*Asks:* 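Submitted below is the structure of interest, expressed as structure tokens.
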Amino acid sequence: MQVDIFTQVIVPVIGGLGIFMLGLEFMSNGIQNLAVNKMRALLAKIAGTPIKGVIAGTFITGIIQSSTAMSVMVVGLVNAGVIGLRPAISVIMGANIGTTLGNGLIALPLGPLGLLLAGIFALIYIFGKTDKVKNIALACMGFALIFYGLNLMTGGLRPLRSMPEVMGVISALKADTYLTLLYCVLIAAGITAMIHSSSATIGIVMGLGAAGILDWKTAVAFSLGADLGTTVTSWMASLNLSKNAKRAAYAHISFNIIGVAITIPLFFVSMDVLTWAMQWFGGNPGIPVIKDGKETYPLIPVAIGLYSTFFNIFNTVLLFPFVGVFERVLLKVGASHLDDVEDYSQPRFLVPGAAADPAVGVAAVQRETGRYLEAARLFLDIAKGAENAPDKVEEHYAAIDILNREIRSYTSGMFAAEMPYARADLIASLIEEEDYTASLGETLYQIARRVERQPLGEHARVLVDQLVDQVSDALRAIIPIDQANPPVTAEAEPRLAGLLQLRERCLRLGAELPWIERGAILALLGSAERAFYLVERIDAERKTVSRNVPASASAQQQRGSEGLSGAAVPA
């Protein structure tokens, strides 16, 4: 039978792969939007020891279905000092197990039903009224698209069995010796490194196996290579991160490389064990099932999912006793101190549970707000092209935006039923100050982004540098946050004269200042003016309600005290 390569192979395979990966993205985003903050708090609470770390890593990664997101979460908590390096290493071990749960779900034989479910949840997503409903629908829609994409890929790959030239190439990939096994593992690792998704590689392999293109043992060997290839993604992701982020990536790389190196000599023995285990999951995966007059192998995806889970559990059990060794080695490995960039997306002072004590909670909020302002000031370093400025303005903005939301969420949690009005007034004032600081951070971000996007000539560069210097000087009125006598005034009015002078110079320059640069400078002047007024408003908000709380706030709270005068908040 003649095979139409384009319509019968290329379209369903490429389309199925795209839908499959889109489903992974939708499911991960929906779940993370729903639960990532709760999961981070849960991780910080329970991952205090290596054993708890493995359990927490498995459970949380199994829910959010993203080992990458889990690694970022762990690194942030280590940088914030919430968990130590040793339990963090065990969390990453657990994350390797948790991410395989998704592979087992992918193996479920839902087939074309996935399209129907995806359509239903897409409608729910479109017409949903709340973010919670939309995120649940997005996760379910992604889950359904995974099955539909896999079904499309399987159907598109099946015609290849009737093409001798294709089967001749595929037959060379049969993992029946240690040499060919190593060959298959390395090919799968390379594919995973290129597409940056072990789940996508395993999905492709499941499709090849279910279509009968690969025999089941070779398909399992490819899944082993996917576990190895995903370490390349971890390494690449850590290149521009902090020392602790690099250590976390090195831990992930070490686990998988050691695990694969140990598993390869045991591969054929493990295949006998897997053959025995598969009798509890439907039978021999190498026996075809006739469906619509065509042979299919529905148990191969099940075998792949089972083996992938077994491999990561075996790897964790084997290496868990050596967590301390990993810690000692990793502490000696990493970049120099110049590469140790602070992760501003993670709070440093907002200790979970401390918000119940006003004396501790208010101090923590103020210190974290001061840290946010320090981070926001770095946008001016970006605008001036300072050597130690953050490399990527968008990533830095995303990080401090997360931090601001964490601060506001923490502050809101300080409200309690029947609390004294004066204390409620203080918490409300802190939230209002945080809103103004967020607006200031947004304004400074706009300055940095506009300067970064607009190439500037010599004359424009001089004007912009002077503008940035004026904004930087104004920030000295509120940074650092605990200064008793700021060196400059926070009032905006006296500073406007300097902006007017820059505006006049900008307009008087002739052809040496192109119109597009002139427009950018005028827009920057508007951002600088907003920054001045926000600095003034932040300073005023701090003075409307005293940030002082009683030194014995907890004891007075139990006695029902209404007062807020007393010892100053510690810096």
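No hydrogens, no waters, no symmetry mates; every other heavy atom, side chains included, goes into these values. This structure is a prediction, so every number in the text was calculated from the model and none was measured.
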*Asks:* Do you know the tightest heavy-atom contact between I447 and S527?
*Replies:*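 In this case the closest contact between I447 and S527 is CG1-CB, 3.6 Å.
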*Asks:* About how many Å separate CG of L502 and CG of L507, when rounded to the nearest 0.5 Å?
*Replies:*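 Those atoms lie 11.0 Å apart.
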*Asks:* Which atom pair, heavy atoms only, marks the closest approach of V451 to L456?
*Replies:*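 V451 and L456 have their closest heavy atoms at CG1-CD1, 4.3 Å.
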*Asks:* Output yes when a side-chain donor or acceptor of H396 lies under 3.5 Å from a complementary backbone atom of A375, and no otherwise.
*Replies:*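 Confirmed, H396 side chain pairs with A375 backbone.
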*Asks:* Heavy atoms only: give me the nearest Q454-A520 pair and the separation to one decimal.
*Replies:*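 Answer, listing the atom of Q454 first, then A520: CG-CB, 3.9 Å.
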*Asks:* Which one of E536, E433, E432 satisfies the salt bridge (Lys or Arg N to Asp or Glu O under 4.0 Å) criterion with R542?
*Replies:*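 Among E536, E433, E432, the one that satisfies the salt bridge (Lys or Arg N to Asp or Glu O under 4.0 Å) with R542 is E433.
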*Asks:* Mind checking side chain to side chain donor-acceptor pair (under 3.5 Å) for T411 and listing every partner two or more places apart, or none if nothing turns up?
*Replies:*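 Applying side chain to side chain donor-acceptor pair (under 3.5 Å) to T411 gives E434.
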*Asks:* Can you name the residues that form a side chain to side chain donor-acceptor pair (under 3.5 Å) with D381, not counting sequence neighbours?
*Replies:*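 None.
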*Asks:* Atom CZ of residue position R503 - does it have more than 12 heavy atoms of other residues, nucleotides or ligands inside 6.0 Å?
*Replies:*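 Check fails, neighbour count at 12 or below.
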*Asks:* Side-chain atoms of residues 467-477: list all donor-acceptor pairs with protein atoms under 3.5 Å, sequence neighbours left out, distances to 0.1 Å.
*Replies:*
from, atom 1, to, atom 2, distance (Å)
D469, OD1, K384, NZ, 2.8
D473, OD1, R476, NH1, 2.7
D473, OD2, R495, NH1, 3.0

*Asks:* Between L440, I479, V488, which is the residue that forms a side chain to side chain contact (heavy atoms under 4.5 Å, CB included) with V535?
*Replies:*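 Answer after filtering L440, I479, V488: L440.
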*Asks:* Run the salt-bridge test on R453 and E394 with the 4.0 Å N-O cut-off and return the result as yes or no.
*Replies:*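 Salt bridge between R453 and E394, a charged N being under 4.0 Å from a carboxylate O: yes.
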*Asks:* Holding to ring pair (Phe, Tyr, Trp, His ring centres under 6.0 Å), I want the full list of residues that pass it with Y397, two or more places apart in sequence or in another chain.
*Replies:*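 Here the qualifying residues are Y445.
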*Asks:* What closest approach, in Å, do G142 and F26 show between heavy atoms, and which atom pair accounts for it?
*Replies:*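 That closest heavy-atom pairing would be CA-CB, 3.6 Å.
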*Asks:* Counting heavy atoms not belonging to E491, are there more than 12 under 6.0 Å from its CD?
*Replies:*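 At most 12 heavy atoms, drawn from other residues, nucleotides or ligands, come within 6.0 Å of this atom.
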*Asks:* For the residue pair S546 and L426, what are the closest heavy atoms and their distance?
*Replies:*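 Heavy atoms only, the tightest pair is O-CD1, 3.4 Å.
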*Asks:* One pair to check against side chain to side chain contact (heavy atoms under 4.5 Å, CB included): M141 and I120. What are the steps and the verdict?
*Replies:* CA-CA 8 Å; M141 178 172 60; I120 292 172; over 6 Å; no
*Asks:* Between F255 and F326, is the ring centroid distance below 6.0 Å?
*Replies:*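 Close enough - the centres of the two rings lie under 6.0 Å apart.
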*Asks:* Rounded to the nearest 0.5 Å, what separates atom CG in L145 from atom CG in L117?
*Replies:*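 If we round to the nearest 0.5 Å, L145:CG and L117:CG are 10.0 Å apart.
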*Asks:* Are F415 and I431 side-chain neighbours, meaning at least one heavy-atom pair lies under 4.5 Å?
*Replies:*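 Contact flag for F415/I431 side chains = yes.
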*Asks:* Between the side chain of T316 and the main-chain N/O of N312, is any donor-acceptor distance below 3.5 Å?
*Replies:*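 Here the side-chain-to-backbone pair exists.
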*Asks:* Looking at side-chain heavy atoms only, is the closest gap between E504 and L500 below 4.5 Å?
*Replies:*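 E504 does not reach L500 side chain to side chain.
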*Asks:* Residues in side chain to side chain donor-acceptor pair (under 3.5 Å) with K543, at least two apart?
*Replies:*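 Testing K543 for side chain to side chain donor-acceptor pair (under 3.5 Å), a comparison that skips the adjacent residues, returns D539.
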*Asks:* State whether E452 and R449 are salt-bridged, where the test is any N-O pair (Lys NZ or Arg NE/NH1/NH2 against Asp/Glu carboxylate O) under 4.0 Å.
*Replies:*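 So E452 does not pair with R449 through a salt bridge.
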*Asks:* How far apart are the C-alpha atoms of V365 and V362, what are their side-chain angles, what is the distance that settles it, and do they pass the side chain to side chain contact (heavy atoms under 4.5 Å, CB included) test?
*Replies:* CA-CA 5 Å; V365 167; V362 171; 5.8 Å; no
*Asks:* Looking only at atom types and distance, does a side-chain atom of Q483 sit under 3.5 Å from a main-chain N or O of P480, one as donor and one as acceptor?
*Replies:*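 Flag set: sc Q483 to bb P480 pair under 3.5 Å.
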*Asks:* Verify whether one side chain among R505 and Q466 offers a donor that lies under 3.5 Å from an acceptor in the other.
*Replies:*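 Result is yes, a qualifying pair exists.
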*Asks:* Stepwise, does the side chain to side chain contact (heavy atoms under 4.5 Å, CB included) test hold for D482 with Q366?
*Replies:* CA-CA 8 Å; D482 57 350; Q366 288 190 275; over 6 Å; no
*Asks:* Are the side chains of Y344 and L378 in contact, using a 4.5 Å heavy-atom criterion?
*Replies:*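 Heavy-atom side-chain distance check passes, below 4.5 Å.
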*Asks:* Write down the atom of F379, the atom of G441, and the distance for their closest heavy-atom approach.
*Replies:*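 Taking every non-hydrogen atom into account, CE1-O, 3.8 Å.
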*Asks:* Find out whether I51 and S90 are in side-chain contact, i.e. whether some heavy atom of one side chain is under 4.5 Å from a heavy atom of the other.
*Replies:*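 Contact flag for I51/S90 side chains = no.
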*Asks:* Pairing donors with acceptors under 3.5 angstrom, does anything connect the side chains of S439 and E442?
*Replies:*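 Distance-only check fails for S439 and E442.
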*Asks:* Are the side chain of E368 and the backbone N or O of I407 linked by a donor-acceptor pair below 3.5 Å?
*Replies:*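 No, E368 side chain to I407 backbone: no donor-acceptor pair under 3.5 Å.
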*Asks:* When you look at D435 and R408, which way does the salt bridge (charged side-chain N to carboxylate O under 4.0 Å, His left out) test go after all the steps?
*Replies:* CA-CA 8 Å; D435 185 58; R408 282 190 281 188; 3.5 Å; yes
*Asks:* How far does CG of L499 sit from CG of L525, to the nearest 0.5 angstrom?
*Replies:*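 Result: 6.0 Å between the selected atoms.
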*Asks:* Are the side chains of I521 and L513 in contact, using a 4.5 Å heavy-atom criterion?
*Replies:*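 Touching, per the 4.5 Å side-chain cut-off.
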*Asks:* According to side chain to side chain donor-acceptor pair (under 3.5 Å), who are the partners of Y125, at least two apart in sequence or on a separate chain?
*Replies:*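 With sequence neighbours excluded, Y125 shows a side chain to side chain donor-acceptor pair (under 3.5 Å) to no residue whatsoever.
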*Asks:* Indicate yes or no for a side-chain donor-acceptor contact from R518 to the backbone of C506 under 3.5 Å, with no hydrogens or angles considered.
*Replies:*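 Yes; judged by distance alone, with no hydrogens or angles, the pair exists.
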*Asks:* Just so I know, are the side chains of T544 and E541 near enough to count as touching, which here means a heavy-atom distance under 4.5 Å?
*Replies:*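 A side-chain contact under 4.5 Å exists here.
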*Asks:* With a 4.5 Å cut-off on side-chain heavy atoms, are I481 and Y372 touching?
*Replies:*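 Answer no - side chains too far apart.
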*Asks:* Do N404 and T369 make a side-chain contact, defined as non-hydrogen atoms from C-beta onward lying under 4.5 Å apart?
*Replies:*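 No, too far: nothing below the 4.5 Å cut-off.
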*Asks:* Nearest 0.5 Å please: distance from the CZ atom of R405 over to the CD1 atom of I400.
*Replies:*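 One finds 11.5 Å between CZ of R405 and CD1 of I400.
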*Asks:* Mind checking the CG-CZ spacing from L430 to R547? Nearest 0.5 Å is all I need.
*Replies:*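 So the gap between those two atoms works out to 4.5 Å.
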*Asks:* Can you tell me how far the CE atom of M419 sits from the CE atom of M414, to the nearest 0.5 Å?
*Replies:*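 M419 CE to M414 CE: 7.0 Å, rounded to 0.5 Å.
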